[in-house]
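This report refers to the structure that appears directly beneath it.
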2 protein chains.
Amino acid sequence: MGTASKALSLLNYFTRSQPQIGLSDMARLSGINKATVHRLMGELADHGFVEQVGAGREYRLGPAFLRLAALREKAVPMRELALAELTKLSGLTGETSHMSLLNGEVLSNLTYSYAHKHGTMVMMEDAEVLELHSTGSGLAVLAFSPAPFVDAILSKPLVARTPETVTDPAAIQALLPKIRKRGMAWSIGGYERDVYSHAVPIFDAGSQCIGAMAVAAPVSRITDELRATIQTELALAARRTTRVLGGFPPDTFPTFSPAEPPAESELT
Amino acid sequence: MGTASKALSLLNYFTRSQPQIGLSDMARLSGINKATVHRLMGELADHGFVEQVGAGREYRLGPAFLRLAALREKAVPMRELALAELTKLSGLTGETSHMSLLNGEVLSNLTYSYAHKHGTMVMMEDAEVLELHSTGSGLAVLAFSPAPFVDAILSKPLVARTPETVTDPAAIQALLPKIRKRGMAWSIGGYERDVYSHAVPIFDAGSQCIGAMAVAAPVSRITDELRATIQTELALAARRTTRVLGGFPPDTFPTFSPAEPPAESELT
DNA sequence: AACCAATGGTTTGAATAATGAACCAACAAG
DNA sequence: CTTGTTGGTTCATTATTCAAACCATTGGTT
């Protein structure tokens, strides 16, 4: 791994739950020598990518990202375009919709839209991390990712987020052909209890899967009718999103047929 | 300069007007060897900080910034807090207000708020770059920055954005003590014609100047009354913003006195 | 106080990686 | 067929990273 990669990889240890990291912790987390970490963090700090805060001299992400994110969004208004589709999608389905991007071995949430139609709804957060094996979005991405990548993901220990989470690699592998065939994944309570999630992959200009668009509803609200609405509208919205982002689904990607309600036996 | 710094500095060549840069161009712009640039861009691309696009294989900023910016904003909701103050400020003054952060030798716009009170207003953009010598915000920052930094900025060629821009380093140096004394800078038509801008510096926990908050109004709309309102409210809003961001004005920072309307002779 | 275990930060020669000039191959214009 | 681009690669030279030790400071225990 090159020096620049090392410096950049340090940034990945900052998370929502651990927004500040000290020097020694960072050296431990990254497995990189403390002296090197110190130098790298110093260079990152010089460019505003991290900043040192008060007492413990811990590091946290710096203000440079706000500027660069704005420039990125100006050049490629992914978030804006996705949000436009999500807003429509939430309106049509009455449920929370979101889009997430593949980032290494996890998905990170890009943006989301709530429907304020019901008293309860599935909550999302910006930059929320979604695992590939336990979420509908993750399964959608896995199904349309290269086999070596899938194998790498599934060969690692799979955390059970809920009692319903499927953690058997073989069982997950078995799901993928079905997802590939219908162009849509679903997951019931795999990530959070009582959340029924539908997800469709999103592709870039090279037909590589770069993320997923999804609709998440409380299990209790799901009916055949709502399921049909979600599936129809989500498939359309995701297809439009891929296109509007300049991407193309692979030639093998199916046109989702709404007249194909899932048998109870294939619910997952 | 270390390897990591070189890689990070490459990111600064992407701008609003030049969002895509080829390998050779990047090598020229940065003065770094092409082979090195190639490797560094490859590493940046591996982490999603840049991506290569289609035909010319040019590079542009990658999607990783959206995630990291969201994490940063979650940890330190600068933008959100600033926007809350700006919204109030625009409401009270009826004019466009904005906040920008020092990034190297320029300010980059963090966020802004429009007042929809009049048919015309000063327009802003996210991540817009403001020069230190030609904007009210820039002068406010210069006045509260270390002398070596100010000297470094003013020793470089100063671009005249409009016929009104002051480009004489000595003349600008002469303004700074006055700005320090009153805790507020103003600029008339220095950056864009017909824009009258007031600006107050924002400080961090170490009383370092990190940016500025400003109100920009069309020159034609300025009256003594509006000027007094802007100055009073801006001074208060900026002070609240510094505090709410966890910062402290330096001990020497004056309490702006609204009962001190500028004589016409000190307009700049 | 004395001690211990942390912390952030710095220093050392031996191991490792980055560097830059030259070099390809591909494409375009003349 | 030259000339001048482009993105990308090679390899001896050069600079950086590594590990392990060491400081100075802090906070908690005995």
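Below, chain A is the first sequence line, B the second, and so on; all start at residue 1.
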Do B:Phe144 and B:Phe253 make the cut of ring centroids closer than 6.0 angstrom?
-> yes

OP1 or OP2 of C:dT7 sitting under 4.0 Å from any side-chain N/O of A:Arg28?
-> yes

Provide, to the nearest angstrom, the distance between the CG atom belonging to A:Leu40 and the P atom belonging to C:dG9.
-> 13 Å

Taking the nucleotide of DNA chain C with the closest heavy atom to each, which residue, A:Ala4 or A:His38, is nearer the 5' end?
-> A:His38

Rounded distance [0.5 Å steps], CG in A:Leu245 versus CD1 in A:Ile210 = 6.0 Å

When you list every nucleotide of DNA chain D with an atom under 4.0 Å from a heavy atom of chain A, which one comes first 5' to 3', and which comes last?
-> D:dT17 to D:dA19

Could you give the CD-to-P distance, from B:Glu43 to C:dA18, as a whole number of Å?
-> 6 Å

Taking only the side-chain heavy atoms of A:Asp25 (C-beta and beyond), determine which of C:dT7, C:dT19, C:dG8 contains the nearest atom.
-> C:dT7

Can a donor-acceptor pair be found between the side chains of A:Asn33 and A:Arg39 at a distance below 3.5 Å?
-> no

Nearest-angstrom distance from the residue atom NZ of A:Lys6 to C1' of C:dA18 | 11 Å

For B:Gly2, which contact category applies under a 4.0 Å heavy-atom criterion: base, sugar-phosphate, or nothing?
-> nothing

For A:Thr165 and A:Thr167, does a side-chain donor sit closer than 3.5 Å to a side-chain acceptor?
-> no

When rounded to whole Å, the CD1 to P distance for the pair A:Ile32 and C:dA15 reads 21 Å

Is any side-chain N or O of A:Ser24 closer than 4.0 Å to OP1 or OP2 of C:dG8?
-> yes

Less than 4.5 Å apart, any side-chain heavy atom of B:Glu131 and any of B:Tyr191?
-> yes

Under 3.5 Å, is there a donor-acceptor pair between the B:Ser17 and B:Thr15 side chains?
-> yes

By nearest nucleotide on DNA chain D, pick out whichever of B:Ile21 and A:Val37 is the more 5' one.
-> B:Ile21

Side-chain N or O of A:Arg57 less than 4.0 angstrom from OP1 or OP2 on C:dG9?
-> yes

For C:dT19, take OP1 and OP2 only and decide whether either is under 4.0 Å from a side-chain N or O of B:Thr3.
-> yes

Mind running side-chain hydrogen bond (donor to acceptor under 3.5 Å, both in side chains) on B:Glu43 and A:Ser5 for me, showing each step along the way?
-> CA-CA 6 Å; B:Glu43 297 195 48; A:Ser5 284; 2.7 Å; yes

Paired with B:Arg60, the side-chain hydrogen bond (donor to acceptor under 3.5 Å, both in side chains) test is passed by just one of B:Glu51, B:Gln18, B:Gln52, namely B:Glu51

Expressed in angstrom and rounded to an integer, what is the separation of A:Leu23 atom CG from C:dT7 atom P?
-> 9 Å

The answer to which of A:Tyr59 and B:Met1 contacts DNA chain C further toward the 5' end, by nearest nucleotide, is A:Tyr59

In whole angstrom, what separates B:Arg39's CZ from C:dG20's P?
-> 10 Å

Sub-3.5 Å pairs of nitrogen or oxygen atoms, protein against nucleotides 21-28 of chain C:
residue	atom	partner	partner atom	Å
C:dA21	N7	B:Asn33	ND2	3.2

How about B:Phe248: does its CZ atom have over 12 heavy atoms from other parts shown lying under 6.0 Å from it?
-> no

Could you check whether the rings of A:Phe49 and B:Phe65 sit parallel, tilted or perpendicular, using 30° and 60° as the cut-offs?
-> tilted

